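Taking it in order: structure first as C-alpha cells, then the write-up.
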Amino acid sequence: MVENYSNDYDVKCKLDTCKTHPAITDSERGEIVCGGCGLILVQNLADASYENNGYTQEDFMKQSRTGPATSLTMFDKGLSTVIGNNKDSSGNALPSKTKYEFNRLRTWDQRSKSRKTATLSKAFTLLHSMKTKLGVPDNVVENAAYIYRKIVSAKLTRGRTMASLISASLYAACRENNIPRTLDDIAKAGNVERRILSRDLRTIIKKLELNLNQYDTASFISKISNNMNLKEKTKRGAFEILKHCEKEGITAGKHPVAQAAASLYISCILNGERVSQKKVSVEAGVSDVTIRNRTALIKKILKLDE
C-alpha cells in the first residue's frame with residue numbers, strides 16, 4: 001500500500017528538482033520515498049495499522065502482529081499456540097504424509113493440556129458471566145482471577161466447589177477495590193448459598209492472609225438510592241446524616257449496608273418521600289428489624305426527634 005505522506009517525520013529530498021514532489025509512504029515495505037527521484041528517505045517504519053482485540057482463542061491467533069495483551073482471566077493467559085488446518089502458508093493443501101504428522105501433533109497438543117487448565121477455563125467462564133450480571137469493571141475481574149490462581153496454587157480447592165471459590169475471589173476483589181457488592185449479590189450471581197460463600201471466604205482470607213478493607217458506607221448510599229430512583233436531595237441528605245454519625249462515632253463496627261440504608265430511610269422521611277422500611281430493606285439486602293434498630297439509634301444520638 002503506497003500513499004501520500006503526512007509529515008509525522010520531517011523529511012525532504014535535498015535535490016532542487018524534487019522540491020515540488022511530495023514524500024510518499026510505502027506502508028508494506030515500511031519506507032518513505034521521494035516522489036520525484038525515488039530516493040529512500042526513511043526505512044523500517046513501525047506498523048501503525050489497526051489491530052482487532054478479540055477475546056476468544058481464534059481471534060487471538062488472527063491478530064496481525066502481536067495480538068492482545070496477556071490477561072489473567074484467560075486460562076492460558078493468552079500465550080498458548082493453536083495448530084491450524086491442513087494448509088501451508090500459501091493456502092495450498094499439505095501432502096498426505098505431512099497431514100498425518102500434523103494430525104498426530106494436534107492430538108497430542110490437546111492431550112497435553114492438563115486437567116488444571118480445563119478447570120481454569122470453566123472457572124473464568126463463570127467469572128465473566130458474573131462480571132456481566134454484577135457490572136463490575138475489568139480491573140476487578142483481573143484481581144479476582146489473580147486471587148483464584150493463588151487459591152489453586154495453595155491447593156485450597158479440595159472439598160470446595162469451583163463456583164463458591166470463584167465467587168469468594170470476586171467478592172474479595174470488590175472489597176479490595178471498594179466496589180459496593182454485598183455477599184448476597186455475589187451469591188445470587190454465582191448461584192451459590194450465602195452460608196457456603198461466607199465459609200469459603202473466611203478460609204481464603206485466613207490461608208492467603210488477605211487484608212480486606214471495610215467498605216465505604218457512602219458508596220452503598222449511592223447504590224441503594226440509584227436502584228430506588230430517589231431524589232438527589234434525599235441522597236445528599238443521607239450523606240449529611242452519615243457524616244454526622246461518623247463524627248459521633250456510632251458507625252464503628254456497624255454493618256455498612258445497614259448504616260447506609262438507615263441513613264437513607266431517615267433522609268426519605270425528612271424530605272417527604274414516602275418509602276417504607278420494608279422496601280429499603282429488600283433493596284439493601286438487610287432485615288427491616290436491623291434498619292429499625294439503626295434508625296432508632298441515629299435519631300437518638302443526633303436528636304432528630306427534637
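No experiment lies behind these values; they were computed from the predicted model shown. One is the number of the first residue; the rest follow in order along the sequence.
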Problem - Heavy-atom donor-acceptor pair, Asn293 side chain to Thr290 backbone, under 3.5 Å - result: no
Practice task
Dump the intermediate steps for side-chain hydrogen bond (donor to acceptor under 3.5 Å, both in side chains) on Ser222 and Asn226, then the final yes or no.
Solution key: CA-CA 6 Å; Ser222 300; Asn226 290 338; 5.5 Å; no
Handout entry: N/O donor-acceptor pair under 3.5 Å between Glu273 side chain and Thr234 backbone
Key = no
Practice task
Identify the heavy atoms of Asn178 and Ser219 that sit nearest to each other, and give their distance.
Solution key: OD1-OG, 4.3 Å
Handout entry: Backbone N/O of Ile221 and side chain of Ser225: donor-acceptor pair under 3.5 Å
Key = yes
Exercise for the section: Please report the closest heavy-atom contact between Gln259 and Leu242, naming both atoms and the distance. Expected result: CG-CD1, 3.9 Å
Problem - Hydrophobic cluster identity match, Ile166 and Ile196, side-chain contacts under 4.5 Å - result: no
Exercise for the section: Say whether Tyr171 and Arg175, considering side chains only, have a donor N or O and an acceptor N or O under 3.5 Å apart. Expected result: yes
Problem - Audit row: Arg202, Ser198, side-chain hydrogen bond (donor to acceptor under 3.5 Å, both in side chains) steps and yes/no - result: CA-CA 6 Å; Arg202 289 194 299 269; Ser198 179; 3.0 Å; yes
Exercise for the section: Begin from the C-alpha positions of Leu302 and Ile241 and carry the test side-chain contact (heavy atoms from CB on, under 4.5 Å) through to its verdict. Expected result: CA-CA 9 Å; Leu302 301 185; Ile241 294 172; 4.1 Å; yes
Practice task
Check the hydrophobic clustering (I, L, V, M, F, W, Y; side-chain heavy atoms under 4.5 Å; chains of links allowed) and say if Ile151 and Leu210 are grouped together.
Solution key: yes
Handout entry: Residue among Thr203, Asp200, Asn191 satisfying side chain to side chain donor-acceptor pair (under 3.5 Å) with Ser164
Key = Asp200
Completion exercise
Ile186 and Arg181 have their tightest heavy-atom pair at CD1-CB, 4.1 Å
Handout entry: Ser263 versus Ile298, closest heavy-atom pair with distance
Key = OG-CD1, 4.1 Å
Practice task
For salt bridge (Lys or Arg N to Asp or Glu O under 4.0 Å), just list the numbers for Lys131 and Asp138, CA-CA rounded to whole Å, side-chain angles, deciding distance to a tenth of an Å, and then say yes or no.
Solution key: CA-CA 8 Å; Lys131 169 196 171 184; Asp138 292 335; 2.4 Å; yes
Exercise for the section: Verify, without hydrogens or angle tests, whether Ser281 (side chain) and Lys278 (backbone) share a donor-acceptor contact under 3.5 angstrom. Expected result: yes
Exercise for the section: Compare every heavy atom of Gly190 with every heavy atom of Ser167, then report the nearest pair and how far apart it is. Expected result: OG-CA, 3.8 Å
Exercise for the section: Could you tell me whether a side-chain N or O of Asn143 sits under 3.5 Å from a main-chain N or O of Asn139, the two making a donor and an acceptor? Expected result: no
Handout entry: Taking every non-hydrogen atom, the tightest pair across Ile204 and Ser169
Key = CD1-N, 4.3 Å
Exercise for the section: Can you sort out the partners of Thr251 under side-chain hydrogen bond (donor to acceptor under 3.5 Å, both in side chains), two or more places apart, ordered by chain and number? Expected result: none
